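Atom set for the values below is all heavy atoms of this structure, side chains included, hydrogens, waters and symmetry mates excluded. Note that the structure is predicted; figures quoted are calculated from it, not measured.
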Amino acid sequence: MSILATIKDHSGRVYRGIQFLLVLSITATALGALGWVEDFSYITALVVSMVATGMALLVLMYMRSSVVQRLQSAAAAEAEKHRFLTVDAMTGAMTRRYFIEALRDKLSSLRNRRQASLLLIDLDHFKQLNDTFGHQFGDLALAHLVKAAERIFADGVVGRLGGDEFGVIIPHGDLAEINNDARRLLDAMRAGKSHEGKTIPLSISIGVALAPAHASNTTELMLLADLALYESKAGGRGRVTVFDEEMLSDKRYRRLIERELRAAVYLGELELHYQPIVDPDGSAYALEGLIRWRHPVRGLISPAEFIPIAERSTLIDMLGEWVFKRACADVAHFHGRRISINVSGEQLKRDEIVTMCDRVLRETGRSAEQFIIEITETVATAATPEILRRLETLRGLGFHIALDDFGTGHCGFNYLKTLPIDSIKIDRSYIRSLAHDQVAQIFVSALAQIARIQHVTIVAEGIETEEEFTLARAAGCNRFQGYFFGRPAPRDKAGALLAARTGSLTRTA
């Protein structure tokens, strides 16, 4: 029953009681004045009337107090309901719906340029925080971010827009002050949050858009701030970026590439070129499949140009499936040699990579042992337990796992004990330096010794001269890849090259 109905029902009963008392008072007064009842004197009638009237007044006062109390309870309940709808229970920030309404109200009241600003804030690596320290710490980190933002942007409105994304409405457009406060917030997060006796450093990325300088309506302003936020994350995270008009042109270019790349999959514009990976005697052990895009107008487009764009959406999954299907179709042309394919870190963030590989193997009748999956060192160092589980599952299916570009990041030798890998590809920068750099010589030799203990194969990448081949082999590398043995080429040309090399060390530049 609603508050209003409860008050109405309660008041109805009290009102009928008051009516009875007033009727009793009037009746007693009439009987006493007219003398219709014997032994009912005027004094007695007056006393009865006064008592009934007094009781009626008391009941009226009670009714008023009761109604006021119930109205106050109703107001408190309504306030609690409004607070629940407007304030995020976990972090204390404004909820998304009311934050957007507040932003819309703020933008509708603008009169002069740069009278408001919107900051979008994302807590970096939030999933890894949850996986490593538990969801309770993740929740505390979000609440810590909100408290710090409310303290630093004291005149702003902080709202929670998603799981780990927040917004701040600032009632001015002073970029110098905004940048200064944003950096204070970055520093506050880097100072960390205490957890089980340890201080865990946090990182956030921030995107800024101004109104009306950049946009004057809610949807567009949020879009532009989101573009700036994305630039902060793409630039390495832990930074603040103010929207710039060039981001729009970049966005339009990305959309164009995405649309044309999606069409290229269906129109047959993609190609898989193969580069040999050889044994110490120069015979081909495997081939690395490298995707190429032969655009009808722009010609051959480098994967360095379109893969990062594909990785920003699930388009990378479509490309990954295309590559694997093509490799399954081509593997029979290479007479028992394995094909190595590159898998994006974005693909490994989803279970679809495992289901896709298993499905394509069954559809094509191929064996997982015919293929090597390559992941970059960057992917390995940022691997979550879920990513490691997927790699283990793929390895369990029969795939060999290779760690590519080793030495370019922060993947130390300790990683080799825990990563589910079968081979390591040393980055070409170390191979080029073997002739004159003692550090490179020690690094490659030490890695080769560790690999032997771990039963892991070492592949030297970027071999371009006979001297590099000789030095890499002497340093303990097991297999070799580079222009010295063959450039990436389409299937038929690569197959012909392998046939020409069979039984001898025929080198091509």
Taking atom types as modelled, is there a side-chain donor on N217 or E220 under 3.5 Å from an acceptor on the other? yes

Partners passing salt bridge (charged side-chain N to carboxylate O under 4.0 Å, His left out) against R259 (at least two apart in sequence or in another chain): none

Aromatic plane relationship, F469 with F480 - under 30° parallel, 30 to 60° tilted, over 60° perpendicular: perpendicular

In chain order, what residues pass the side-chain contact (heavy atoms from CB on, under 4.5 Å) check against S344, with sequence neighbours excluded? E311, I316, E346, Q347

Checking the side chain of E165 only, and the main-chain atoms of L161 only, is there a donor and an acceptor separated by less than 3.5 Å? no

Are a donor atom and an acceptor atom from the side chains of Y285 and R338 found within less than 3.5 Å of each other? yes

Should the pair R337 and F334 be classed as cation-pi, given the thresholds of under 6.0 Å to the six-membered ring centre and 45° from the axis? no

Can a salt bridge be assigned to the pair R362 and D358 using a cut-off of 4.0 Å between side-chain N and carboxylate O? yes

Between S283 and D279, is there a donor-acceptor pair closer than 3.5 Å when you use the side chain of the first and the backbone of the second? no

Closest approach of N130 to G138 (non-hydrogen atoms, all atoms of both residues): OD1-CA, 3.3 Å

Neighbour count above 12 (heavy atom, 6.0 Å) for E386 CD: yes

Are there more than 12 heavy atoms of other residues, nucleotides or ligands under 6.0 Å from atom CZ of R395? yes

Decide, yes or no, whether a salt bridge links E271 with R292 under the criterion of side-chain N to carboxylate O below 4.0 Å. no

Are D187 and R184 within salt-bridge range, i.e. N to O under 4.0 Å? no

With sequence neighbours left out, what residues match R359 under salt bridge (charged side-chain N to carboxylate O under 4.0 Å, His left out)? E321, E363

N/O donor-acceptor pairs under 3.5 Å from side chains in residues 203-212, not counting sequence neighbours:
residue, atom, partner, partner atom, Å
S203, OG, D124, OD2, 2.5
S205, OG, D124, OD1, 2.8
S205, OG, D124, OD2, 3.3
S205, OG, G238, N, 3.4

Would you please classify the geometry between the F324 ring and the F399 ring as parallel, tilted or perpendicular, with 30° and 60° separating the classes? tilted

Write down the atom of D427, the atom of E461, and the distance for their closest heavy-atom approach. CA-OE1, 4.1 Å

Which heavy atom in I291 sits nearest to a heavy atom in F306, and how many Å separate them? CG2-CZ, 4.0 Å

For R428, does the CZ atom have more than 12 heavy-atom neighbours from other residues, nucleotides or ligands under 6.0 Å away? no

Test of understanding: with salt bridge (charged side-chain N to carboxylate O under 4.0 Å, His left out), list the residues that count as partners of E269, not counting sequence neighbours. none

Please check this pair: side chain of R262 against backbone of V265, looking for a donor-acceptor N/O pair closer than 3.5 Å. no

Side-chain donor-acceptor contact under 3.5 Å, S423 with T457: no

Cationic N near anionic O, under 4.0 Å, D317 to R350: yes

Please check if atom NZ in K233 has more than 12 non-hydrogen atoms from other residues, nucleotides or ligands closer than 6.0 Å. yes

For residues 490-499, which side-chain donor-acceptor pairs fall under 3.5 Å, sequence neighbours excluded?
residue, atom, partner, partner atom, Å
R491, NH1, D330, OD1, 3.2
R491, NH1, H333, NE2, 3.2

Are R96 and D88 close enough for a salt bridge, meaning some N to O gap below 4.0 Å? no

Donor-acceptor pair, side chain of S445 and main chain of I442, under 3.5 angstrom: no

Show your working on side-chain hydrogen bond (donor to acceptor under 3.5 Å, both in side chains) between S340 and E374 and close with a plain yes or no. CA-CA 7 Å; S340 182; E374 292 192 20; 2.5 Å; yes

Under 6.0 Å from the CD atom of E467, do we count more than 12 heavy atoms belonging to anything else shown? no

